[in-house]
Amino acid sequence: MSAKWDTRFLGLAKHISDWSKDPSTKVGCVVVGEDREVRSTGFNGFPRGIEDTAERLNNREMKYPMICHAEENAIMHAARIGISLKGCTAYVTWPPCSRCARSLIQAGVLEVVYPADSEIPERWQEDFEIATSMFNESGISYRSA
């Protein structure tokens with residue numbers, strides 16, 4: 001896609017990230033087909049029917065096992081309504097972690113785009129390096145824009 005479309009879809013992913021109720025990190029994902037059609041979207045949050053209480057959201061030990069990442073939510077939403085993500089591009093407001101990398105690979109996504117100005121916290125650095133190596137090994141294009 002062109003730089004113009006990268007900017008548009010990353011902007012949409014940023015808008016969608018604002019829907020997250022997570023007080024510490026808000027992530028959005030837009031999965032786009034080859035004709036620039038939006039196939040699915042997601043943001044980080046608890047599964048449907050799980051209450052977004054402050055107690056859960058402010059306690060990482062409670063939150064992390066329960067929360068769905070933005071990429072996972074986009075993939076699961078597409079599966080729920082019968083939409084294939086094979087051959088698509090995922091625009092994400094944050095470089096994907098290893099958990100999301102494996103899900104994107106398995107969903108058939110061919111390209112992942114994230115903002116060039118992403119700053120990775122130290123606690124996530126090693127995991128993002130694993131995700132990058134997974135993308136490289138699987139042949140998925142992984143780039144910043």
Side-chain angles (χ1 to χ4, degrees), residues 1-132 134-135 140-145:
M1 299 235 188
S2 69
K4 174 179 79 174
W5 284 102
D6 285 349
T7 300
R8 286 177 175 172
F9 288 128
L10 284 172
L12 181 56
K14 170 67 174 106
H15 175 75
I16 290 166
S17 76
D18 290 335
W19 300 346
S20 172
K21 294 178 182 171
D22 190 324
S24 62
T25 306
K26 296 182 184 303
V27 180
C29 177
V30 176
V31 185
V32 179
E34 63 183 34
D35 292 325
R36 296 189 300 260
E37 77 281 5
V38 174
R39 298 262 181 107
S40 190
T41 63
F43 56 90
N44 57 312
F46 293 144
R48 296 168 197 264
I50 305 301
E51 195 175 348
D52 296 305
T53 65
E55 179 188 12
R56 289 174 173 168
L57 289 166
N58 290 304
N59 180 337
R60 285 194 167 122
E61 286 184 22
M62 289 180 80
K63 176 175 68 173
Y64 283 163
M66 297 174 73
I67 205 156
C68 296
H69 290 188
E71 301 93 324
E72 292 175 315
N73 261 334
I75 291 164
M76 290 183 272
H77 175 70
R80 184 180 174 108
I81 60 172
I83 301 290
S84 174
L85 302 182
K86 185 177 180 183
C88 290
T89 298
Y91 288 89
V92 190
T93 58
W94 191 265
C97 67
S98 61
R99 180 171 130 184
C100 291
R102 68 178 177 235
S103 296
L104 290 163
I105 291 165
Q106 287 298 88
V109 168
L110 292 181
E111 183 175 35
V112 176
V113 182
Y114 61 93
D117 61 356
S118 298
E119 291 186 29
I120 308 303
E122 185 64 36
R123 71 180 185 274
W124 284 99
Q125 195 65 46
E126 186 178 336
D127 190 72
F128 286 121
E129 289 170 11
I130 292 168
T132 300
M134 291 171 69
F135 287 135
I140 289 181
S141 171
Y142 178 71
R143 65 183 174 84
S144 62

Ring-plane angle category for Tyr91 and Phe9, please: parallel below 30°, perpendicular beyond 60°, tilted otherwise. tilted

So which atom in [X] and which in [Y] form the shortest heavy-atom distance, rounded to 0.1 Å?
| X | Y | answer |
| --- | --- | --- |
| Ala74 | Ser40 | O-OG, 2.6 Å |
| Trp94 | Pro121 | CZ2-CD, 3.3 Å |
| Asn73 | Gly42 | CB-CA, 4.1 Å |
| Pro96 | Cys100 | CB-CB, 4.1 Å |
| Ala145 | Val113 | CB-CG1, 3.7 Å |

Would you mind listing every ring pair (Phe, Tyr, Trp, His ring centres under 6.0 Å) that reaches into residues 60-87, with sequence neighbours excluded? none

[X] [atom1] to [Y] [atom2] distance, which is reported to the nearest 0.5 Å:
| X | Y | atom1 | atom2 | result |
| --- | --- | --- | --- | --- |
| Asp6 | Glu111 | CG | CD | 7.0 Å |
| Leu12 | Thr7 | CG | OG1 | 12.5 Å |
| Ile67 | Met62 | CD1 | CE | 12.0 Å |
| Ser24 | Asn44 | OG | CG | 8.0 Å |
| Met134 | Leu104 | CE | CG | 9.5 Å |
| Ser17 | Asp22 | OG | CG | 11.0 Å |

Is Ile75 close to Gln106 at the side-chain level, that is, under 4.5 Å between some pair of heavy atoms? no

Are any non-hydrogen side-chain atoms of Ile120 and Pro95 less than 4.5 angstrom apart? yes

Any donor-acceptor N/O pair, Asn59 side chain to Glu55 backbone, under 3.5 Å: no

Could I get the full list of salt bridge (Lys or Arg N to Asp or Glu O under 4.0 Å) partners for Asp18, not counting sequence neighbours? Lys14

Considering only residues two or more places apart or on different chains, which pairs with a residue in residues 113-128 satisfy side-chain hydrogen bond (donor to acceptor under 3.5 Å, both in side chains)? Ser98-Asp127

Tell me every residue that passes ring-ring contact (aromatic ring centres under 6.0 Å, His included) with Phe135, counting only those two or more places apart in sequence or in another chain. Tyr142

Can you pull the salt bridge (charged side-chain N to carboxylate O under 4.0 Å, His left out) pairs that have at least one residue in residues 70-95, sequence neighbours excluded? Glu72-Arg99

side-chain contact (heavy atoms from CB on, under 4.5 Å) between Trp19 and Lys26: does it pass, once the steps are laid out? CA-CA 8 Å; Trp19 300 346; Lys26 296 182 184 303; over 6 Å; no

Hey, can you pull the donor-acceptor pairs under 3.5 Å for the side chains in residues 28-38, sequence neighbours left out?
{"from": "Glu37", "atom 1": "OE1", "to": "Asp35", "atom 2": "N", "distance (Å)": "3.0"}
{"from": "Glu37", "atom 1": "OE2", "to": "Arg39", "atom 2": "NE", "distance (Å)": "2.7"}
{"from": "Glu37", "atom 1": "OE2", "to": "Arg39", "atom 2": "NH2", "distance (Å)": "2.9"}

